[in-house]
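First listed ligand is number 1; within each ligand, the first listed atom is number 1. In what follows, every heavy atom counts, from backbone to side chain, and hydrogens, waters and symmetry copies are set aside.
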Amino acid sequence: MSNRKTLHRKFRKLSVQERLQALFDAGYFDHETHQFWQDGGTVLQENAADRMIENVVGRFAFPQGIAVNFPLNGQIYQVPLVVEEPSVVAALSFAALLAEKNGGFKAAASSPILIGQVQLTGLDDPLAAEQKLRAAQESIARAAQQAMPNMVARGGGLRDISFHHHDGEHSGRAMLVVHLHIDTQDAMGANMVNSVCEAVAPLLETICGGEAVLKILSNLADEALARAEVTLPCSQLAAPGWSGEQVRDRIILASDLALADPYRATTHNKGIMNGVDALALATGNDWRSIEAAAHAYAARDGQYRALSHWTKTENGDLHGELTMPIKVGTVGGSLQTNPAVLANLKLLGISRAQELASLMAAVGLAQNFAALRALASNGIQQGHMTLHARSVALAANAPSEIFDEVVKQLVASGEIKIETAQQIIQQIQTGS
Ligand SMILES: CC(C)(COP(=O)([O-])OP(=O)([O-])OC[C@H]1O[C@@H](n2cnc3c(N)ncnc32)[C@H](O)[C@@H]1OP(=O)([O-])[O-])[C@@H](O)C(=O)NCCC(=O)NCCSC(=O)C[C@@](C)(O)CC(=O)[O-]
Ligand SMILES: NC(=O)C1=CN([C@@H]2O[C@H](COP(=O)(O)OP(=O)(O)OC[C@H]3O[C@@H](n4cnc5c(N)ncnc54)[C@H](OP(=O)(O)O)[C@@H]3O)[C@@H](O)[C@H]2O)C=CC1
């Protein structure tokens with residue numbers, strides 16, 4: 001990674017092919033990967049797609065952008081982002097640019113623990129059943145480890161067993177749920193944890209006399225937390241018409257509202273997930289499981305709150321922190337079957353799941369900062385809609401030779417709609 005250079009700031013002004021060449025010249029691509037993207041990049045062959053999911057009739061492409069020169073833990077990453085929404089990539093590039101001048105983002109991920117649940121019912125005395133299971137923990141642990149020998153060999157495997165009691169609201173039946181806390185190393189680990197739960201369930205039934213119903217992972221991976229933070233000097237937060245102090249204080253007010261108000265917290269966290277999901281898609285990870293975990297964790301104390309918060313440091317700078325569960329893989333799943341995913345992991349230079357989780361958390365915090373800075377100053381529309389105008393011009397089938405002029409006039413009109421774009425196209429083409 002150390003031989004990887006930063007990209008020129010005007011990366012965004014280049015053509016797609018020139019951007020690919022810039023990544024190759026800066027050491028982010030080998031020849032094979034460079035050729036892969038030059039050939040179109042979405043080379044998910046039809047027969048491969050037909051083996052990934054069922055009833056395949058085609059492939060669906062998304063744009064992939066790069067958040068340029070993203071600074072994390074002393075390294076620079078060119079972050080691949082698969083997303084359909086304008087301004088997400090711009091926002092991340094902007095946050096990276098500001099952070100790079102100020103020490104960058106810091107992030108870390110805890111052990112990659114995924115929890116498996118075995119639901120037991122049909123118990124006369126659930127508390128007594130728990131005691132029986134606790135007395136047999138060694139044999140239960142042995143059975144779990146025997147179900148994942150390779151994982152144990154590579155340093156993963158069972159880390160803990162815990163017991164939880166619930167009453168069935170509609171069944172009227174008591175439930176004892178056994179949690180298997182499993183370190184899945186560089187895999188997201190869903191399939192493996194599910195297999196271990198199914199393997200251990202009969203032994204649990206024998207020990208406590210209950211009936212096992214659900215045997216499945218929990219997506220609330222709250223023991224696989226990723227934490228990111230950044231400190232940005234107040235002097236560099238100024239926006240047109242706004243001082244750095246004003247932007248700082250208004251960002252903190254926006255953050256405070258997201259901590260107190262679920263309506264705001266939901267949008268605040270959606271902003272974070274704009275970045276997290278885009279990187280999850282680019283690396284073949286299951287963004288639905290990440291989303292489910294994030295929002296469950298945001299409501300962990302009974303009220304849905306922001307996953308990040310922003311404060312003022314002693315010397316008046318702006319400090320942001322984000323903590324959220326991020327259970328991802330760099331092996332397994334669709335990762336091995338989609339060549340674009342393998343190319344993106346090579347672009348990132350990441351092979352360990354915890355490094356990817358750390359980057360995702362930092363990207364989520366960066367996206368959050370850029371959104372709040374826009375909201376705290378001139379509003380989201382100015383930046384967002386300018387970039388949205390390009391999508392509208394595209395939807396209006398603006399010919400490429402007049403595309404930039406159409407976008408310029410569309411932004412100037414203040415009416416960023418397809419009909420307006422079509423009128424502008426007609427005016428330019430007819431000279432009227
Ligand atoms: C969009 C900006 C960055 C413009 O902000 P700006 O200050 O007008 O940008 P600029 O033209 O001065 O450029 C500054 C830097 O931004 C980047 N940048 C700027 N433009 C581009 C571009 N075309 N392509 C690539 N990079 C771009 C780039 O790094 C550039 O540096 P430079 O290249 O000039 O050295 C800013 O307005 C922003 O960050 N807005 C937030 C956008 C956002 O959050 N979008 C997500 C969709 S909205 C949403 O769903 C989330 C939300 C808002 O609801 C969350 C919430 O409520 O909290
Ligand atoms: N509810 C949910 O969230 C569910 C999600 N899924 C999704 O399906 C996909 C499957 O995920 P997953 O179970 O991880 O994938 P896989 O089961 O396809 O692959 C993971 C396997 O890779 C092997 N492996 C090789 N090298 C390593 C390493 N360094 N670290 C860890 N494992 C390694 C392990 O098998 P071995 O130990 O045998 O070598 C491991 O079990 C994911 O996208 C997941 O999100 C699937 C089911 C449910």
**Student:** Which atom names give the shortest non-hydrogen contact between Leu318 and Phe369, and what distance separates them?
**Tutor:**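 Of all heavy-atom pairs spanning Leu318 and Phe369, the closest is CD2-CE1, 4.0 Å.
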**Student:** Distance to 0.1 Å, residue and atom name: give those for the protein heavy atom nearest to atom 19 (O) of ligand 2.
**Tutor:**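 Protein heavy atom at minimum distance: Gly332 CA, 3.2 Å.
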**Student:** Can you sort out which atoms of ligand 1 are near Gln367, meaning under 4.0 Å from one of its heavy atoms?
**Tutor:**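 Numbered from 1, ligand 1 contributes 44 (O), 46 (C).
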**Student:** Quick one: which ligand 2 atoms are inside 4.0 Å of a heavy atom on Gly189?
**Tutor:**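 By the 4.0 Å cutoff, the relevant atoms are 12 (P), 13 (O), 14 (O).
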**Student:** Return a yes/no value: protein heavy atom under 4.0 Å from atom 39 (O) of ligand 1?
**Tutor:**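 For atom 39 (O) of ligand 1 the answer is yes, since some protein heavy atom falls inside 4.0 Å.
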**Student:** Which one holds for Leu387 and ligand 1: side chain close, backbone close, both close, or neither close, with close meaning a heavy atom under 4.0 Å?
**Tutor:**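 Contact part for Leu387 vs ligand 1: side chain (C-beta onward).
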**Student:** Examine the proximity of ligand 1 to Val89 and report which part, side chain or backbone, both or neither, has a heavy atom under 4.0 Å away.
**Tutor:**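 Looking at Val89 and ligand 1, no heavy atom falls under 4.0 Å.
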**Student:** Evaluate the side-chain proximity of His319 to Val230: yes if any heavy-atom separation is below 4.5 Å, no if none is.
**Tutor:**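 Not touching, per the 4.5 Å side-chain cut-off.
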**Student:** What I'd like to find out is whether the side chain of Met188 reaches to under 4.5 Å of the side chain of Val331, using heavy atoms alone.
**Tutor:**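 When only atoms from C-beta onward are counted, Val331 and Met188 do not touch, as no gap falls below 4.5 Å.
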**Student:** For atom 27 (C) of ligand 1, which protein heavy atom lies nearest, and how many Å away is it?
**Tutor:**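 Ranking protein heavy atoms by distance from atom 27 (C) of ligand 1, first comes Ala90 CB, 3.6 Å.
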**Student:** Does the protein put a heavy atom under 4.0 Å from atom 12 (O) of ligand 1?
**Tutor:**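 No, because not a single protein heavy atom sits under 4.0 Å from atom 12 (O) of ligand 1.
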**Student:** Indicate whether the side chain of Gln64 and that of Asn344 have a donor and an acceptor atom separated by less than 3.5 Å.
**Tutor:**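 Short answer, yes.
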**Student:** Using distance alone, decide if ligand 1 has a nitrogen or oxygen within less than 3.5 Å of any nitrogen or oxygen in Arg9.
**Tutor:**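 Yes; the residue has a nitrogen or oxygen that sits under 3.5 Å from a nitrogen or oxygen of the ligand.
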**Student:** Is a side-chain donor-acceptor pair under 3.5 Å present for Thr266 with His268?
**Tutor:**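 On atom types as modelled, these side chains do not qualify, holding no pair under 3.5 Å.
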**Student:** With heavy-atom distances below 4.5 Å as the criterion, would you say the side chains of Ile76 and Glu100 are in contact?
**Tutor:**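 Yes, at least one pair of side-chain atoms sits under 4.5 Å.
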**Student:** Compute the minimum heavy-atom distance from Lys13 to ligand 1 and say whether it is under 4.0 Å.
**Tutor:**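 Under 4.0 Å: no for Lys13.
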**Student:** Nearest heavy atom to atom 17 (O) of ligand 2: which of Asp183, Asn191, Asn285 does it belong to?
**Tutor:**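 When every heavy atom of Asp183, Asn191, Asn285 is considered, Asn191 comes closest to atom 17 (O) of ligand 2.
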**Student:** Within the structure, does at least one protein heavy atom fall under 4.0 Å of atom 55 (C) of ligand 1?
**Tutor:**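 Protein heavy atoms within 4.0 Å of atom 55 (C) of ligand 1 - there is at least one.
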**Student:** Which ligand 2 atoms are under 4.0 Å away from a heavy-atom of Thr184?
**Tutor:**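 This gives 30 (N), 31 (C) as the contact atoms.
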**Student:** Would you confirm whether any non-hydrogen atom of the protein falls under 4.0 Å from atom 35 (O) of ligand 1?
**Tutor:**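 Yes, because at least one protein heavy atom sits under 4.0 Å from atom 35 (O) of ligand 1.
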**Student:** Could you check if a side-chain atom of Val276 sits within less than 4.5 angstrom of a side-chain atom of Ile290, using non-hydrogen atoms only?
**Tutor:**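 Yes, close enough: below the 4.5 Å cut-off.
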**Student:** Are a donor atom and an acceptor atom from the side chains of Ser15 and Glu18 found within less than 3.5 Å of each other?
**Tutor:**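 The answer is yes; a qualifying pair exists.
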**Student:** Please could you name the atoms of ligand 2 that Asn219 approaches to less than 4.0 Å, counting only its heavy atoms?
**Tutor:**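 Listed by number with element: 1 (N), 2 (C), 3 (O).
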**Student:** Please write down residue, atom name and distance for the protein heavy atom closest to atom 22 (O) of ligand 2.
**Tutor:**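 Nearest protein contact, heavy atoms only, for atom 22 (O) of ligand 2 is Val331 CG2, 4.3 Å.
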**Student:** Which option, Ala190, Ala187, Ser289, Gly156, owns the non-hydrogen atom nearest atom 21 (C) of ligand 2?
**Tutor:**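 Nearest heavy atom to atom 21 (C) of ligand 2 lies in Ala187.
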**Student:** My question is simple, although I want it checked carefully: is atom 6 (P) of ligand 1 less than 4.0 angstrom from any protein heavy atom?
**Tutor:**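 So atom 6 (P) of ligand 1 lacks protein heavy-atom neighbours under 4.0 Å.
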**Student:** Might you point out which heavy atoms bring Ala353 and Thr330 nearest each other, and give the distance in Å?
**Tutor:**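 Between these two residues, the closest heavy atoms are N-OG1, 3.7 Å.
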**Student:** Counting non-hydrogen protein atoms only, what is the nearest one to atom 18 (O) of ligand 2? Give residue, atom name and distance.
**Tutor:**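 Answer for atom 18 (O) of ligand 2: Gly333 N, 2.8 Å.
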**Student:** Can you name the closest pair of heavy atoms from Lys5 and Asp25 and give their distance?
**Tutor:**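 Closest approach of Lys5 to Asp25, heavy atoms only: NZ-O, 3.9 Å.
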**Student:** Contact between Val247 and Arg373 at the side-chain level, heavy atoms closer than 4.5 Å - yes or no?
**Tutor:**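 Yes - at least one pair of side-chain heavy atoms lies under 4.5 Å apart.
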**Student:** Using a 4.0 Å cutoff against the non-hydrogen atoms of Asn150, which atoms of ligand 2 qualify?
**Tutor:**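 Taking each heavy atom of Asn150 in turn, ligand 2 has 36 (P), 37 (O), 38 (O), 39 (O) under 4.0 Å.
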**Student:** So which heavy atom in the protein is nearest atom 4 (C) of ligand 1, and how far is it from that ligand atom?
**Tutor:**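 Residue, atom and distance for the closest contact: Gly383 CA, 4.4 Å.
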**Student:** Any non-hydrogen side-chain atom of Met175 less than 4.5 Å from a side-chain atom of Leu120?
**Tutor:**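 The answer is no; the side chains never approach within 4.5 Å.
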**Student:** Given Asp186, Leu114, Asn194, Asp286, which has its nearest heavy atom closest to atom 30 (N) of ligand 2?
**Tutor:**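 Looking at heavy atoms only, the winner is Asp186.
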**Student:** Should the proximity of Ile216 to ligand 2, defined as any heavy atom under 4.0 Å, be assigned to the side chain, the backbone, both, or neither?
**Tutor:**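 Within the 4.0 Å criterion, Ile216 makes no contact with ligand 2.
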**Student:** Please check if any side-chain donor atom of Asn368 sits under 3.5 Å from a side-chain acceptor atom of Trp310, or the reverse.
**Tutor:**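 The answer is yes; a qualifying pair exists.
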**Student:** Below the 3.5 angstrom mark, is there an N/O of Met188, backbone or side chain, next to an N/O of ligand 2?
**Tutor:**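 Min N/O separation from ligand 2 is below 3.5 Å for Met188.
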**Student:** Got the closest protein heavy atom to atom 53 (C) of ligand 1, with its distance?
**Tutor:**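 Ranked first by proximity to atom 53 (C) of ligand 1 is Ile380 CD1, 3.5 Å.
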**Student:** Identify whether the distance between the nearest side-chain nitrogen and carboxylate oxygen of Glu415 and Lys417 falls below 4.0 Å.
**Tutor:**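 So Glu415 pairs with Lys417 through a salt bridge.
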**Student:** Tell me if the centroids of the rings in Phe105 and Phe70 come within less than 6.0 Å of each other.
**Tutor:**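 Between Phe70 and Phe105, which both carry aromatic rings, the centre distance is below 6.0 Å.
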**Student:** Looking only at heavy atoms, is any part of Arg12 under 4.0 Å from ligand 1, and if so is it the side chain, the backbone, or both, or is it neither?
**Tutor:**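 Just the side chain.
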**Student:** To the nearest 0.1 Å, how far is atom 31 (O) of ligand 1 from its closest protein heavy atom, and which atom is that?
**Tutor:**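 That would be Leu97 CD2, 3.5 Å.
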**Student:** Once the angle between the rings of Phe24 and His34 is folded into 0 to 90°, is it parallel (under 30°), tilted (30 to 60°) or perpendicular (over 60°)?
**Tutor:**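 Taking His34 first and then Phe24, their aromatic rings lie parallel (interplane angle under 30°).
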**Student:** Among all the protein's non-hydrogen atoms, which is closest to atom 16 (O) of ligand 1, and how far away is it?
**Tutor:**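 That would be Phe94 CB, 3.3 Å.
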**Student:** What do we get for Thr267 next to ligand 1 when only non-hydrogen atoms under 4.0 Å count, side chain, backbone, both or neither?
**Tutor:**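 It is both backbone and side chain that touch ligand 1.
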**Student:** For residues His309 and Ser255, is any side-chain donor paired with an opposing acceptor at under 3.5 Å?
**Tutor:**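 No, no side-chain donor-acceptor contact under 3.5 Å.
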**Student:** Protein heavy-atom contact under 4.0 Å for atom 9 (O) of ligand 1?
**Tutor:**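 No, no protein heavy atom sits under 4.0 Å from atom 9 (O) of ligand 1.
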**Student:** Which heavy atom of Ala147 sits nearest a heavy atom of Val196, and at what distance?
**Tutor:**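 That would be CB-CG2, 4.1 Å.
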**Student:** Among protein heavy atoms, which sits nearest to atom 47 (C) of ligand 1, and what does the distance come to when rounded to 0.1 Å?
**Tutor:**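 The protein heavy atom lying closest is Glu85 OE2, 3.3 Å.
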**Student:** Do Ile115 and Val193 have side chains that approach each other closer than 4.5 Å (heavy atoms only, starting at C-beta)?
**Tutor:**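 A side-chain contact under 4.5 Å is absent here.
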**Student:** Would you say the side-chain atoms of Asn194 and Glu198 include a donor-acceptor pair closer than 3.5 Å?
**Tutor:**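 Checked: Asn194/Glu198 side chains show no N/O donor-acceptor pair below 3.5 Å.
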**Student:** Partners of Ser243 by side chain to side chain contact (heavy atoms under 4.5 Å, CB included), sequence neighbours excluded?
**Tutor:**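 By the side chain to side chain contact (heavy atoms under 4.5 Å, CB included) rule, Ser243 matches Glu245, Gln246.
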**Student:** Looking only at protein heavy atoms, which one is nearest to atom 40 (C) of ligand 2, and what is the separation?
**Tutor:**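 Nearest protein contact, heavy atoms only, for atom 40 (C) of ligand 2 is Met151 CE, 3.9 Å.
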**Student:** From the options Ala254, Ser93, Ser87, Ala258, select the one whose nearest heavy atom is closest to atom 43 (C) of ligand 1.
**Tutor:**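 Of the listed residues, Ser87 has the closest heavy atom.
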**Student:** So which bit of Asn274 gets within less than 4.0 Å of ligand 1, heavy atoms only: side chain, backbone, both or neither?
**Tutor:**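 Only the side chain of Asn274 comes within reach of ligand 1.
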**Student:** Nearest non-hydrogen contact with atom 35 (O) of ligand 2 belongs to which option: Met192, Arg154, Arg288?
**Tutor:**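 It is Arg154 that holds the nearest heavy atom.
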**Student:** Would you say Asn102 and Thr231 make side-chain contact, with heavy atoms under 4.5 Å?
**Tutor:**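 No, every pair of side-chain atoms sits at 4.5 Å or beyond.
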**Student:** Please confirm whether Met148 comes under 4.0 Å of ligand 2, counting heavy atoms of the residue only.
**Tutor:**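 So Met148 does not count as touching ligand 2.
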**Student:** Of Arg264, Arg390, Met273, Lys270, which has the heavy atom at the shortest distance from atom 58 (O) of ligand 1?
**Tutor:**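 Closest candidate by heavy-atom distance is Arg264.
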**Student:** Go through ligand 2 atom by atom and flag the ones less than 4.0 Å from a non-hydrogen atom of Gln185.
**Tutor:**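 Selected atoms, number and element: 30 (N), 31 (C).
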**Student:** Quick test of your reading of the structure: of Ala95, Ala371, Ala239, whose heavy atom lies closest to atom 52 (C) of ligand 1?
**Tutor:**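 Minimum heavy-atom distance to atom 52 (C) of ligand 1 goes to Ala371.
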